[in-house]
Amino acid sequence: DTGKFESRYGDTLIGPLPESMVDWKERSPLYSANKLACPVIFFQGLKDEIVKPDQAKRMVDALKKKKLPVAYLTFKDEAHGFRSADAIKQCIEAELVFYGRVLGFKPAGRLASLDIENLKH
């Protein structure tokens, strides 16, 4: 599921559907979520037409179900590739907080709190 511009891109990268369904599933992050074994943070623009919000949410849900530490931040005015300085700053700071919480250090300065599911610290 992607925007109109990207709609046939997968055919050249992987193969047309339905004939190439096995290849699509092998390369799908969602079908490989069970292979992940580390904490993950997701940043999602809610106007993204390339990687739609539902796709990121399904990955987050799969990692929650697997009991991996996972954080998920959404940005209502961003699309694929964040443009605003505020969103970029929030991502960088959240990433630092995420690393600090996962790796057990406290970053200096005033940073926003971050909800990380399944983190036991």
Side-chain angles (χ1 to χ4, degrees):
D1 183 29
T2 191
K4 186 177 180 181
F5 179 74
E6 301 278 335
S7 67
R8 306 284 14 129
Y9 189 48
D11 291 356
T12 57
L13 291 175
I14 302 169
L17 291 171
E19 303 87 34
S20 301
M21 182 57 83
V22 171
D23 294 328
W24 278 83
K25 282 189 174 185
E26 281 180 3
R27 296 177 190 181
S28 167
L30 184 59
Y31 288 100
S32 297
N34 64 325
K35 297 177 186 174
L36 292 175
C38 63
V40 180
I41 186 168
F42 291 87
F43 303 102
Q44 178 67 48
L46 295 179
K47 293 183 178 179
D48 193 340
E49 288 292 322
I50 308 302
V51 178
K52 297 205 176 181
D54 178 61
Q55 294 172 346
K57 182 70 169 93
R58 287 175 20 201
M59 283 294 295
V60 169
D61 291 344
L63 298 181
K64 283 182 184 180
K65 184 177 179 181
K66 190 174 177 183
K67 303 291 185 202
L68 282 177
V70 61
Y72 180 53
L73 278 87
T74 60
F75 297 84
K76 70 178 179 119
D77 294 322
E78 293 293 338
H80 191 76
F82 297 174
R83 305 285 186 266
S84 77
D86 186 52
I88 293 168
K89 180 179 184 274
Q90 286 181 52
C91 287
I92 291 169
E93 288 182 357
E95 188 175 1
L96 179 59
V97 170
F98 183 79
Y99 290 145
R101 300 255 319 275
V102 167
L103 299 173
F105 68 88
K106 182 166 177 36
R110 289 183 161 185
L111 300 171
S113 63
L114 178 67
D115 184 31
I116 305 174
E117 298 276 340
N118 300 321
L119 185 65
K120 294 164 181 67
H121 273 101

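For S20, there are no side-chain hydrogen bond (donor to acceptor under 3.5 Å, both in side chains) partners two or more places apart in sequence or in a different chain. Remark: D77 pairs with K47 by the salt bridge (Lys or Arg N to Asp or Glu O under 4.0 Å) rule, at least two apart or across chains. For K57, the salt bridge (Lys or Arg N to Asp or Glu O under 4.0 Å) test picks out D61, with sequence neighbours left out. Q44 meets the side-chain hydrogen bond (donor to acceptor under 3.5 Å, both in side chains) test with no other residue; sequence neighbours excluded.
Among residues at least two apart or in separate chains, there is no ring pair (Phe, Tyr, Trp, His ring centres under 6.0 Å) pair with a member in residues 26-61. Under the salt bridge (Lys or Arg N to Asp or Glu O under 4.0 Å) criterion, the residue pairs touching residues 84-96 are K89-E93, with sequence neighbours excluded. For residues 68-92, the set of pairs meeting the ring pair (Phe, Tyr, Trp, His ring centres under 6.0 Å) definition, not counting sequence neighbours, comprises F75-F82. Residue pairs that meet the ring pair (Phe, Tyr, Trp, His ring centres under 6.0 Å) test with at least one member in residues 88-110, sequence neighbours left out, do not exist here.
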Take L36 and M59, measure what side chain to side chain contact (heavy atoms under 4.5 Å, CB included) needs, and give me the verdict at the end. CA-CA 11 Å; L36 292 175; M59 283 294 295; 4.3 Å; yes

Report the C-alpha separation of I88 and I92 in whole Å, then their side-chain angles, then the decisive distance to 0.1 Å, and conclude whether the side chain to side chain contact (heavy atoms under 4.5 Å, CB included) test is met. CA-CA 6 Å; I88 293 168; I92 291 169; 3.9 Å; yes

N/O donor to acceptor pairs below 3.5 angstrom from side-chain atoms of residues 108-119, sequence neighbours left out:
{"from": "N118", "atom 1": "ND2", "to": "K64", "atom 2": "O", "distance (Å)": "3.3"}
{"from": "N118", "atom 1": "ND2", "to": "L68", "atom 2": "O", "distance (Å)": "3.0"}

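Proximity of a side-chain donor or acceptor of E78 to a complementary backbone N or O of S84 within less than 3.5 Å is detected.
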